[in-house]
Protein chains: 2
Amino acid sequence: MANLKEFKREQILNQGIQLMMMHGYHGTGVKLLLDTVNVPKGSFYSYFESKENFTAEAITHYIEPFITRLQSYLNNSELDGLAAIKAYFDSLTQELENSDFKGGCLLGDLMGEIGGVSDVCRQALKAAINQYCTLLEQGLLSAQQQGIVRTDISPATMARLLFDAWQGALLHMKIEQSIIPLQRFSTELLDHYITN
Amino acid sequence: MANLKEFKREQILNQGIQLMMMHGYHGTGVKLLLDTVNVPKGSFYSYFESKENFTAEAITHYIEPFITRLQSYLNNSELDGLAAIKAYFDSLTQELENSDFKGGCLLGDLMGEIGGVSDVCRQALKAAINQYCTLLEQGLLSAQQQGIVRTDISPATMARLLFDAWQGALLHMKIEQSIIPLQRFSTELLDHYITN
DNA sequence: TGTATATAAGCGACCGGTCGTCTTTATTTT
DNA sequence: AAAATAAAGACGACCGGTCGCTTATATACA
């Protein structure tokens, strides 16, 4: 029974992520969200303390599969550090093209909408971004040691720069309804900028 | 009298921009917005067709001073193309630091929140971004001709890349409450990447 | 029967948008 | 020039609906 509740909880999180990527924080109503996963209105607050806290959890929940995914690319011994990172971003690009640019990135959307207002969510975003960038950093460090990536810039700096540029490219993608901004990111920054 | 109405109209737009940068599109109520500029509720729709159309106009209105500002830096004959661009972004950075990272960029915020949903706003965003990037392009072209900026990448590509990376850096700034992401943009991309 | 959980009904507040009234301005008639 | 009328614009009350959240009650389990 506890498992069933945990399952429902995750369903709410996943559905919330989908809706918020589409309509943002304020544009996503709790009632509507719960209806789509057949959870009674009044039950929401037995799962989560508030909408704000729910969103913070959604952020943490959202980033997990991306961490896992990037991790698995980095662990692939057939790929050097840079090739892994490139393959990872290319797979994201492919996926976004297949889904007609719906969504984008929850982190980017929420950073803009409530990043400056909700402290709870800001901390969640900060942690998620840091976790993600730290992983990128590891890949870049490997690539440096393999002699593929330039060593005059620290992996930490490069990782953050790449993250930011990717977020901007995702926003641009939404507006242009095109993967060109994503491809530009890959070509210019991964191919031309950070290589040795 | 027509001037007074035009003045009020602009007041609404400016106030709307401020509120939307803080709370996003859905988080900004028409009633509240009008109260702060002493315009009666019922009058809003004599100024604007709808909230959505208002927002599209706000986007266009928002970008104008940035265009003018960048333009004036580019027209400064004491600065080469690259130095102008760098000085422009540095002045923005300075300003954001002075205002404690409130705001950020309306374009970035709205791209994330409604860029994928509202066609009217998407077109306004598209136009604003294109106008902005075209200007950047001109500066980059000058800098190329002056032998300062690398010529193996087109100004159009570089301009879009810079724009996207800047947007991402602004989001990151909000979360970290720090100008470090903005400085990283300037150092890594303007100093190290695009120079010859 | 007693206790804990689940939930439907409902809270006040606010949403974007409309509508009928009232004021103001412009035009016409004396 | 003054008065009467018409057109235009300003405006607040109000529309149905939704917001995030609470609470009283029903249900389930001990």
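Labels below follow one simple rule: chain letters A, B, ... track the order of the sequence lines, proteins then strands, and each chain is numbered from 1.
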**Q.** Check: B:H192/A:D152 side-chain N/O donor and acceptor closer than 3.5 Å
**A.** no
Q: Is it possible for you to check whether B:K5 lies under 6.0 Å from the centre of the six-membered ring of B:Y47, through NZ or CZ, and within 45° of that ring's axis?
A: yes
(Q) Quick one about A:N14 and A:R9 (side-chain donor to acceptor, distance below 3.5 Å, no hydrogens or angles considered), yes or no? (A) no
Q. Which of these passes ring-ring contact (aromatic ring centres under 6.0 Å, His included) with B:F163: B:F66, B:Y132, B:F89, B:F185?
A. B:Y132
Tabulate atom names and distances for all N/O pairs under 3.5 angstrom spanning the protein and nucleotides 7-13 of chain D.
unit_1: D:dA10; atom_1: OP2; unit_2: B:K5; atom_2: NZ; d: 3.1
unit_1: D:dG12; atom_1: N7; unit_2: B:G42; atom_2: N; d: 3.4

Q) Could A:K31 and A:D35 be called an ion pair, given the rule that one side-chain N must be under 4.0 Å from one carboxylate O? A) yes
Q. Listed in order of residue number, which residues of residues 19-35 of chain A have a non-hydrogen atom at under 4.0 Å from DNA chain D?
A. A:T28, A:G29, A:V30, A:K31
Q | Ion pair A:R122/B:E176, N-O distance below 4.0 Å | A | no
Q) What is the distance, rounded to the nearest whole Å, between atom OH of A:Y45 and atom P of C:dA8? A) 16 Å
**Q.** Spacing between A:E52 atom CD and D:dC21 atom C1', to the nearest angstrom
**A.** 14 Å
Q: Test the B:K51-B:Y25 pair against the cation-pi criterion, namely NZ or CZ under 6.0 angstrom from the six-membered ring centroid and within 45° of the ring axis.
A: yes
Q) With a 4.0 Å cut-off, would you call B:D109 and B:K174 a salt bridge? A) yes
Using the 3.5 Å cut-off, write out each protein N or O paired with an N or O of nucleotides 27-30 of chain D and the distance between them.
none

(Q) Looking only at side-chain N and O atoms, does B:S46 offer a donor or acceptor that is under 3.5 Å from a partner on B:S43? (A) no
**Q.** Distance-only polar pair, side chains of A:N53 and A:S50, donor-acceptor under 3.5 Å
**A.** yes
